[in-house]
*Asks:* 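Quick one: structure below, then a few questions.
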Amino acid sequence: MQEYYKREDLPKFGEIGKEAPEMAKKYFEYYNEVFSESELTLREKSLIALAVAHAIQCPYCIDSFTQKCLERGSNMGEMTEAVHVATAIRGGASLVHGIQSRNIADKLSM
Amino acid sequence: MLDVKEIMSKTKVDPFHLMLSSHGLHLRRGQTRALQINVGFVCNQKCQHCHLDAGPDRRENMSRETMLAVMDYAERSHFDMIDITGGAPELNPHVEELIEKATAMVPRVMFRSNLSALNSETRAGLMQVLKTRQVVVVASFPSLNVSQTESQRGIGIFDTSIEALLKLNRLGYGKSGSGLELNLVSNPSGAFMPAAQDQTEKRFKRILEKNWGIQFNNLFSFANVPLGRYREWLIRSGNFGQYMEKLASSFNPCAVADVMCRTMVSVSWDGYLYDCDFNLAQGIYMGGEKTHVSEMEACPEAGNLIATADHCYACTAGSGFT
């Protein structure tokens, strides 16, 4: 795994625009707009981002938003709860599909 | 374990003076308005982020003779403000006399407290002295979270700090219209940058009021300075190089104009002068020359060069350190 995920690659994120600069420019403008102070505080947005990072299992995002959460005044209790929120939704998403399985099984069974 | 030089040689951090010159900047004194008095390194706590390595095992404490020499110097220099710090200044036996002399001399006196020493039964009269002399209390309160606070400052400190803040509030500190100013200082409990000051102040005000009915005036959010016990922890935990890179990459040339060393001079427990408390921790004398308060006729002259080192990056990161 380590040869794919290198910590030193994280600060190179901006280089992704090399072959498609216009798309990258629009993406980063959008990204910066999302991560600016608005209806939600930056602290709240960072906790949401940390939860999402765990749901999508992105090591870069987990690294980045763990630091951001700490730097924006969150503590490990809040961050752990945010990960539980991601886990609850992710687990629930699997579990609720059990209804689909039950429906199919019910139809096929006597 | 690697030493500081070895770690720094592996980072992309330029020496601080080169960073300044690359921006065409020099760090020189403005009008020196404040005197910071460090009464000693004796402290009842052993905080992980302490740049002075203060603690119960330290013996350096300002004598009455030095305190009087410092007060004579303050009188000659016509400062606007005196800032009393330590260690835990509560543990200096002459601190009440110092407060009385300082408040008679300048319009604004600040007293930096770790709260637990101020809350101690043995210092029961000190809060009343601070109130009577209208001293501004600046209290360390890093986090609203028990674990974060205690990992930085020691077991039991969170509850003691809450008790002390409640006592200060009962005396009128932090209450609007009382004229008694209570400010909090929040430093990160780890190798990361501090939270934005305005947002943190709002959140601390809301939660301290809601959970304990505590009020305060202002909150200051500062980066930890990579010296003393904090530097040892950074090295031991493998965070030193990365932390220095973070500080250096956050260098803000606009913050240089407002760093505290431009308008403040620091005096140590033994009466020698430094450009700031961090240079004091490193043993870097004011302007690079060892000078005792008794040798000074007045405050340092505007335009004098300020001694710098790589720890200065902590004061120029982001919005700076005042």
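Here is the naming used below: chain letters follow the sequence lines, and residue numbers restart at 1 for every chain.
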*Asks:* Take a 6.0 Å sphere around NZ of Lys167(B) and say whether it holds more than 12 heavy atoms from other residues, nucleotides or ligands.
*Replies:* yes

*Asks:* At a heavy-atom separation under 4.5 Å, does Pro188(B) approach chain A through its side chain, its backbone, both, or neither?
*Replies:* neither

*Asks:* Using the ring centroid of each side chain, check whether Phe35(A) and Tyr30(A) are separated by less than 6.0 Å.
*Replies:* no

*Asks:* Do the non-hydrogen side-chain atoms of Met79(A) and Leu70(A) ever get within less than 4.5 Å of each other?
*Replies:* yes

*Asks:* For chain A, which of Arg203(B), Gln199(B), Gln148(B) has the most heavy-atom pairs under 4.5 Å?
*Replies:* Arg203(B)

*Asks:* So, for Ser140(B) and Arg153(B), which heavy atoms are closest and what is the spacing to 0.1 Å?
*Replies:* CB-NH2, 3.2 Å

*Asks:* Lys202(B) versus chain A, heavy atoms under 4.5 Å apart: side chain, backbone, both or neither?
*Replies:* neither

